[in-house]
Amino acid sequence: MGFKRYLVGAVFAGLCCGAQGAFAAKDAAGAVSGLPVPRYVSLKSDHVNVRGGPTKDNDVSWVYTRSGLPVEVTAEFENWRRVRDSEGAEGWVYHSLLSGKRTAVVTLKSKEDLAPLYDRADPTSAVAARLQSGVVTSVKRCAAGWCRVTGTGFDGWIEQQRLWGVYADEKID
């Protein structure tokens, strides 16, 4: 009985008290929300505390200051979600600060490069705009390796591989 209580306490401590590696995404797949893990979501607010573990008792590691930024949910624990951003940083965020609205960040090999945004999902169509690395877009639809994205001053199609916030070959309607 004593050993069993110790084991449960040790597991709970590992889950609650900041052990970021305590969860593997496959272990928590849909365990709390019923939604797939991993999955992409976006930040609801322009002030989102990221903590070292899934409780308010854990210190704030950093603060996101941009609403709409895409993050990937990699684990769930009660009302907390472990998220990873496009730079690979991970931490725990309270679930109500996340939105199911799909957004993506333009990623390029070089910061100086520009990603063409086309009128249609066709590289021979007219270029509607050129987007810099780091531009956050709203994702409207993805299919066959292309995504229709919008943002302030642009609307068009971009190759899916140029976005962080959608999975390869993911279909979004």
Side-chain angles (χ1 to χ4, degrees), residues 1-108 111 131-142 147 149-152 160-173:
M1 183 80 164
F3 177 73
K4 186 184 278 186
R5 193 173 308 148
Y6 168 77
L7 181 60
V8 170
V11 169
F12 182 75
L15 296 177
C16 285
C17 301
Q20 289 185 2
F23 268 102
K26 65 178 178 50
D27 295 335
V32 177
S33 67
L35 298 170
V37 175
R39 68 180 176 279
Y40 285 109
V41 297
S42 58
L43 302 179
K44 248 189 215 181
S45 171
D46 61 1
H47 185 93
V48 175
N49 290 334
V50 182
R51 297 181 182 272
T55 69
K56 287 190 177 184
D57 293 336
N58 287 277
D59 289 338
V60 173
S61 301
W62 71 90
V63 177
Y64 287 119
T65 58
R66 184 169 185 188
S67 67
L69 194 68
V71 292
E72 183 180 31
V73 173
T74 60
E76 299 179 342
F77 178 75
E78 294 178 356
N79 289 326
W80 294 86
R81 306 296 178 258
R82 188 175 65 204
V83 299
R84 177 176 32 237
D85 64 24
S86 63
E87 296 176 357
E90 281 191 284
W92 291 88
V93 171
Y94 197 70
H95 75 103
S96 65
L97 298 172
L98 302 173
S99 167
K101 180 181 177 202
R102 295 298 297 272
T103 63
V105 174
V106 175
T107 57
L108 303 167
K111 296 272 186 197
L131 304 179
Q132 293 178 316
S133 184
V135 169
V136 176
T137 69
S138 290
V139 178
K140 300 301 179 188
R141 151 177 13 156
C142 292
C147 292
V149 297
T150 62
T152 305
Q160 197 162 350
Q161 67 186 2
R162 295 185 182 264
L163 298 174
W164 189 92
V166 295
Y167 295 108
D169 299 322
E170 180 180 11
K171 293 181 184 175
I172 299 172
D173 284 322

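Counting begins at 1 with the first residue of the sequence. What's counted below: heavy atoms across the whole structure, side chains too, no hydrogens, waters or symmetry copies.
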Does some side-chain heavy atom of [Y] sit less than 4.5 Å from a side-chain heavy atom of [X]?
{"X": "V149", "Y": "T103", "value": "no"}
{"X": "V50", "Y": "W92", "value": "no"}
{"X": "V71", "Y": "L43", "value": "yes"}
{"X": "C147", "Y": "V166", "value": "yes"}
{"X": "R162", "Y": "L108", "value": "yes"}

With distance as the sole test, does [X] use its side chain to make a donor-acceptor pair with the main-chain N or O of [Y] at under 3.5 Å?
{"X": "R51", "Y": "N58", "result": "yes"}
{"X": "E76", "Y": "V32", "result": "yes"}
{"X": "D59", "Y": "S61", "result": "no"}
{"X": "R39", "Y": "T74", "result": "no"}

message: As a test of understanding, state which of S45, S67, S42 forms a side-chain contact (heavy atoms from CB on, under 4.5 Å) with S99.
response: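 When S45, S67, S42 are each tested with S99, the side-chain contact (heavy atoms from CB on, under 4.5 Å) holds only for S42.
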Please round to the nearest 0.5 Å and tell me the distance separating atom [atom1] of [X] and atom [atom2] of [Y].
{"X": "Q160", "Y": "K171", "atom1": "CD", "atom2": "NZ", "value": "10.5 Å"}
{"X": "R141", "Y": "D173", "atom1": "CZ", "atom2": "CG", "value": "7.5 Å"}
{"X": "C142", "Y": "L163", "atom1": "SG", "atom2": "CG", "value": "6.5 Å"}

- request: Please identify each residue that fulfils side-chain contact (heavy atoms from CB on, under 4.5 Å) with N79, with sequence neighbours left out.
  value: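 Residues passing side-chain contact (heavy atoms from CB on, under 4.5 Å) with N79: Y94, H95.
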- prompt: So does D46 have more than 12 non-hydrogen atoms from other groups sitting under 6.0 Å from CG?
  reply: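 Above 12, so yes.
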- prompt: In chain order, what residues pass the side-chain hydrogen bond (donor to acceptor under 3.5 Å, both in side chains) check against Q161, with sequence neighbours excluded?
  reply: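 Per chain and number, Q161 pairs via side-chain hydrogen bond (donor to acceptor under 3.5 Å, both in side chains) with no residue.
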query: Sequence neighbours excluded, which residues qualify as side-chain hydrogen bond (donor to acceptor under 3.5 Å, both in side chains) partners of H47?
result: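 With neighbours one apart ignored, the set is N49.
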Least distance between heavy atoms, G91 atom then W62 atom: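 That closest heavy-atom pairing would be N-CH2, 4.0 Å.
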- request: Taking all heavy atoms of T55 and all of W80, pick out the closest pair and write down the distance.
  value: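 Reported closest heavy-atom pair: C-CZ2, 3.6 Å.
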- prompt: Looking at residues at least two apart in the chain, or sitting in another chain, which of them share a salt bridge (Lys or Arg N to Asp or Glu O under 4.0 Å) with R84?
  reply: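 For R84 the salt bridge (Lys or Arg N to Asp or Glu O under 4.0 Å) partners, ignoring immediate neighbours, are E72, E90.
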Pairs under 3.5 angstrom only: tabulate donor-acceptor contacts from the side chains of residues 132-139 to other protein residues two or more places apart or in another chain.
residue, atom, partner, partner atom, Å
T137, OG1, A104, O, 3.3
S138, OG, K101, NZ, 3.4

query: Considering residues at least two apart in sequence or located in another chain, which fulfil the ring-ring contact (aromatic ring centres under 6.0 Å, His included) criterion with Y40?
result: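 Applying ring-ring contact (aromatic ring centres under 6.0 Å, His included) to Y40 gives W164, Y167.
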